[in-house]
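We name chains A, B, ... by the order of the sequence lines, and we start the count at 1 in each one.
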Amino acid sequence: MFYTILDFPKGSIFLAKSGKGLSSAEFMKSRRDLGRVTKFFRERDIPLVEDRVKFQLEERLFRQYFEGREVDFKALSLDRLTGTAFQRKVWLETRKIPYGKTETYKSLARRLHHRGYRSIGQALSRNPLLIVIPCHRVLSSDGGLGGFSAGLELKKYLLDLERGKA
DNA sequence: TACATAAGAATAG
DNA sequence: CTATTCTTATGTA
């Protein structure tokens with residue numbers, strides 16, 4: 001498993017990938033959070049090797065994204081090693097939300113023929129691929145932001161970015 | 001409008 | 001089984 005760290009205006013983002021594709025993209029307020037995000041791998045005795053070269057494509061996409069340009073992360077291949085069947089369904093659906101558009105927990109639920117609105121949010125909160133799976137584009141049905149595991153400020157920042165307001 | 005409460009589905013402990 | 005969660009709908013003032 002390889003990893004690298006990207007910096008952006010609000011903090012850093014930890015990327016990990018296997019030979020198959022990207023498996024994790026976690027937000028870090030600072031590099032001191034590295035211990036937290038690597039815990040998952042250490043617990044499973046999965047060796048982590050820093051290797052920037054393997055992330056050329058990702059680096060470019062993220063850089064463009066933070067410049068405020070429209071980026072389609074669907075080009076990336078993913079290797080999801082966490083998540084239940086339900087969570088994967090939610091993430092897949094979330095991934096279809098196009099740049100700059102937003103959905104609500106409710107509309108997602110309807111698309112999945114599902115009424116457990118909170119479960120949707122819960123599944124999103126376990127999203128291991130921040131930004132690549134745009135969980136920040138999912139809002140409350142009253143227009144509010146809803147929650148965000150990496151911090152609401154970040155959610156707001158990402159939304160502003162996509163609205164061309166950052 | 002604002003706040004409390006119930007209903008609802010899935011998951012972690 | 002219980003508690004918790006990135007929700008929503010309803011009731012009450």
Side-chain angles (χ1 to χ4, degrees), chain A residues 1 5-16 21-30 32-46 48 58 61-62 65-66 68 70-74 76 78-166:
Chain A
M1 193 68 83
I5 296 172
L6 302 177
D7 293 308
F8 73 104
K10 287 284 177 183
S12 303
I13 175 162
F14 170 87
L15 296 178
L22 205 59
S23 66
S24 141
E26 302 223 38
F27 172 69
M28 300 192 294
K29 206 159 186 62
S30 80
R32 278 184 285 100
D33 294 329
L34 189 61
R36 177 175 54 78
V37 297
T38 54
K39 190 162 175 282
F40 174 87
F41 300 100
R42 279 183 285 113
E43 277 175 350
R44 285 165 182 67
D45 279 320
I46 301 175
L48 275 175
E58 288 83 356
L61 289 178
F62 276 100
Y65 180 82
F66 288 118
E70 181 171 339
V71 174
D72 186 10
F73 286 101
K74 288 202 276 298
L76 294 177
L78 305 183
D79 177 22
R80 257 189 243 77
L81 30 75
T82 68
T84 63
F86 174 72
Q87 288 167 344
R88 267 189 278 256
K89 265 199 303 196
V90 175
W91 295 338
L92 270 184
E93 203 60 37
T94 305
R95 223 182 159 212
K96 293 183 194 160
I97 305 175
Y99 186 94
K101 267 202 76 176
T102 60
E103 286 276 346
T104 66
Y105 299 101
K106 185 182 172 181
S107 63
L108 269 185
R110 191 179 20 237
R111 279 231 284 279
L112 297 170
H113 307 292
H114 202 277
R115 271 154 308 235
Y117 316 113
R118 299 187 77 166
S119 345
I120 304 283
Q122 208 206 199
L124 287 176
S125 75
R126 301 233 190 310
N127 171 19
L129 289 162
L130 195 64
I131 297 176
V132 179
I133 294 174
C135 47
H136 57 276
R137 293 183 194 140
V138 185
L139 311 178
S140 303
S141 55
D142 61 5
L145 282 183
F148 202 54
S149 60
L152 279 177
E153 332 136 30
L154 183 64
K155 183 168 186 173
K156 213 162 44 192
Y157 169 75
L158 293 173
L159 287 170
D160 285 344
L161 198 61
E162 301 194 1
R163 293 181 190 133
K165 275 224 58 178

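The pairing partner recorded for B:dA6 is C:dT8, the criterion being a Watson-Crick or G-U wobble arrangement whose two distances lie under 3.5 angstrom.
Side-chain contact between A:Met1 and A:Thr38 is absent, with no heavy atoms from C-beta onward closer than 4.5 Å. Between A:Arg137 and A:Tyr99 the shortest side-chain heavy-atom distance falls below 4.5 Å. The side-chain heavy atoms of A:Phe73 and A:Pro134, taken from C-beta on, include no pair separated by under 4.5 Å.
Taking atom CZ of residue A:Phe86 and atom P of nucleotide B:dT11, one finds them 7 Å apart after rounding to whole Å. Rounded to an integer number of Å, the gap from CD of A:Gln122 to P of C:dT4 is 12 Å. Atom pair A:Arg137:CZ and C:dC6:P shows a separation of 20 Å (rounding to whole Å applied). To the nearest angstrom, P of C:dT5 lies 21 Å from OH of A:Tyr117. The CG atom of A:Asp142 sits 11 Å away from the P atom of B:dA2 (whole-angstrom rounding). A straight line from CZ of A:Arg126 to C1' of B:dG13 spans 11 Å, rounded to a whole angstrom. Whole-Å rounding puts the A:Lys106 NZ to C:dT8 P distance at 8 Å. For A:Glu153 and C:dC6, the CD to P distance is 15 Å, given to the nearest whole Å.
Neither OP1 nor OP2 of B:dA10 sits under 4.0 Å from any side-chain N or O of A:Lys89. OP1 and OP2 of C:dT5 both lie 4.0 Å or more from every side-chain N or O belonging to A:Ser125. Proximity of A:Ser140 to the phosphate of C:dT7: no side-chain N or O atom is located under 4.0 Å from OP1 or OP2.
Scanning both residues, A:Phe86 and A:Ala123, for their nearest heavy atoms gives CE2-CB, 4.0 Å.
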Stepwise, does the salt bridge (charged side-chain N to carboxylate O under 4.0 Å, His left out) test hold for A:Glu93 with A:Lys96? CA-CA 5 Å; A:Glu93 203 60 37; A:Lys96 293 183 194 160; 3.4 Å; yes
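The base of B:dA9 sits within donor-acceptor range of the side chain of A:Ser119, with an N or O pair under 3.5 Å.
Comparing B:dA9, C:dC6, B:dA12 against the side chain of A:His114 picks out B:dA9 as the nearest.
Among the atoms of the strands shown, base atoms are found under 4.0 Å from some heavy atom of A:Gly147.
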